[in-house]
> 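Can you read through this structure? Questions will come right after.
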Number of protein chains: 2
Amino acid sequence: MLKPKPGADRFVPPPKLPPAAPPLDLSEAQMRQAQDLLFFAYRDFTNVADKVLEELGLGRAHHRALHFIGRNPGLTVSALLHILRITKQSLARVLNLLVEDGYVAQAPGYEDRRLRLLTLTDKGKALERRLFESQRNLLSQAYLQAGPEAVEGFRAVMRALMDQGARAYVDGTGSAEDA
Amino acid sequence: MLKPKPGADRFVPPPKLPPAAPPLDLSEAQMRQAQDLLFFAYRDFTNVADKVLEELGLGRAHHRALHFIGRNPGLTVSALLHILRITKQSLARVLNLLVEDGYVAQAPGYEDRRLRLLTLTDKGKALERRLFESQRNLLSQAYLQAGPEAVEGFRAVMRALMDQGARAYVDGTGSAEDA
DNA sequence: CAAGATAGGTCAGCATTATTGACTTAACGG
DNA sequence: CCGTTAAGTCAATAATGCTGACCTATCTTG
């Protein structure tokens, strides 16, 4: 495979057709790029944790639950449902497994005993931390590389992309249920 | 529901337990927040396009394919596989439907006739544009709100989160196949 | 207290998106 | 001609999501 010719599954620019109409304006190109940025950054950020999860027979859905329970001990089931934006049924499967496997504990609310307040067990905390570490390595590298001002900008854009409730949540000024 | 008492599915801070160990250090808290930022921004960014897709009986996977084919007319099947990081089988289902429904056209490579160069039909372009518009509204609002410097920072951090091939791709210095 | 609302759980069934492994066809390339 | 590559396909399976119906326990309110 020493030929200069593209090695087959490589992308070669449009073969005959005109070069596919140049971007209409600068900001369109910028927004096209943002789509790519979000896709690739999310893909690779989640991927590092997926590798850990795979060993344990867990999936991304389990990670999300562990993450939000870990950050909000005493979270209720319905608050978690609002955050994840999935149905009760979908969460049940994930949560039941986490409880069965001893990662998550449930305690009745002491003011309202209908509530099942969710917390991580020590085992759950250990796993969550392990998952976090894998993403932290990637993140700290990225933050260092980009610099503190860039991090501020990153935060500002990400905040502006999410809905109002999620914004309040990440600002620490809202309840988890709003997210 | 006029009582000050948390309205049931609202998240109330840990009921009795100590306030859940304060963050170990500043940068840990920062990275915890970054996990949230990525989750919520991605959730809400994809959500606006999902609403359009739903009407047409398509899913997120179809959008991704449309997006990358649209941005890279003449893309090969295997380049697309590398970008999406899914298997041939998973892509086949998505791609076959897009071709059946007349969104995507395939043409044999003219240098290497094994290749099926993928392009969007006019119908495909129209749909891709419609999907793009929905995300563009959200994005332009976010970019405006955050300001041009923040956008630069956003880009820098996102670039640093993705792997080398994807970085080259978004910089326009790599082939699609590397992403 | 009785009635209605809420939190949570559960059952059955289904759709989408992903996986693996094996195999085929066509075309390229030495 | 032969080995490799691009692409397509078949069969089976898994993870994650959905709907709708229904149940229980508990809280809230008239």
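Labels below follow one simple rule: chain letters A, B, ... track the order of the sequence lines, proteins then strands, and each chain is numbered from 1.
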> Output all residues satisfying salt bridge (Lys or Arg N to Asp or Glu O under 4.0 Å) with A:Glu100, sequence neighbours left out; order by chain, then residue number.
none

> Nearest-Å distance, CG (B:Leu58) to C1' (C:dT16)?
12 Å

> Among the candidates D:dA7, D:dC18, C:dT10, find the nucleotide nearest to the side-chain atoms of B:Val77.
D:dA7

> Decide, yes or no, whether a salt bridge links B:Arg32 with A:Glu128 under the criterion of side-chain N to carboxylate O below 4.0 Å.
yes

> Could you tell me how far apart B:Leu95 (CG) and D:dT9 (P) are, to the nearest whole angstrom?
10 Å

> Return the nearest nucleotide to the side chain of A:Arg64; candidates are D:dT16, C:dT17, C:dT10.
D:dT16

> Ion pair present between B:Asp101 and B:Lys123, side-chain N to carboxylate O less than 4.0 angstrom?
no

> Using atom names, set out every protein N or O paired with an N or O of nucleotides 23-25 of chain C below 3.5 Å, distance rounded to 0.1 Å.
none

> When you check the phosphate oxygens OP1 and OP2 of D:dT16, does a side-chain N or O of A:His62 lie under 4.0 Å from one of them?
yes

> In whole angstroms, how far is the P atom of C:dT16 from the CG atom of B:Leu98?
13 Å

> Assert yes or no for the condition that the ring centre distance of A:Phe39 to B:Tyr42 is strictly below 6.0 Å.
no

> Hey, which of these two, A:Ala61 or A:Gly109, hits DNA chain D nearer its 5' end, going by closest nucleotide?
A:Ala61

> When the distance from CG of B:Leu81 to P of C:dA18 is rounded to whole Å, what number comes out?
11 Å

> Could you check whether A:Arg60 gets within reach of a base, just the sugar-phosphate, or nothing at all, counting any heavy atom under 4.0 Å?
sugar-phosphate

> With a 4.0 Å limit, can you tell me whether A:Ser78 has a side-chain N or O closer than that to the phosphate oxygens OP1/OP2 of C:dG8?
yes

> From C:dA7, D:dT4, C:dT19, pick the nucleotide closest to the side chain of B:Arg114?
D:dT4

> Is A:Ser90 near enough to D:dT16 that one of its side-chain N or O atoms lies under 4.0 angstrom from OP1 or OP2?
no

> Is B:Glu133 paired with B:Arg130 through a side-chain N to carboxylate O contact shorter than 4.0 Å?
no

> Check this one for me: any side-chain N or O of B:Arg85 less than 4.0 Å away from OP1 or OP2 of C:dT19?
no

> Charged N to carboxylate O below 4.0 Å: is that the case for A:Glu28 and B:Arg129?
yes

> In whole Å, what is the span from the CG atom of B:Leu91 to the P atom of D:dG8?
8 Å

> For B:Asn137 and B:Ser140, work out which heavy atoms get closest and say how close.
O-OG, 3.3 Å

> Reckon B:Thr76 has a side-chain N or O less than 4.0 Å from the OP1 or OP2 of D:dA6?
no

> Heavy atoms only, 4.0 Å cut-off, all strands: where does B:Gln106 land among base, sugar-phosphate and nothing?
sugar-phosphate

> In a check of salt bridge (Lys or Arg N to Asp or Glu O under 4.0 Å) between A:Asp36 and each of B:Arg71, B:Arg167, B:Arg155, B:Arg64, which one passes?
B:Arg71

> In whole angstrom, what separates B:Glu54's CD from D:dC18's C1'?
10 Å

> Please state how far atom CG in B:Leu118 lies from atom P in D:dG8, giving the value in whole angstrom units.
8 Å

> What is the separation between atom CG on A:Asp112 and atom P on C:dA5, rounded to the nearest whole Å?
17 Å

> Would you indicate, yes or no, if C:dA7 has its OP1 or OP2 atom less than 4.0 angstrom from a side-chain nitrogen or oxygen of A:Arg116?
no

> Can you check whether B:Gln89 has a side-chain N or O nearer than 4.0 Å to OP1 or OP2 of D:dA11?
no

> If you assign each of A:Arg113 and A:Thr87 to its closest nucleotide in DNA chain D, which residue comes earlier from the 5' end?
A:Thr87

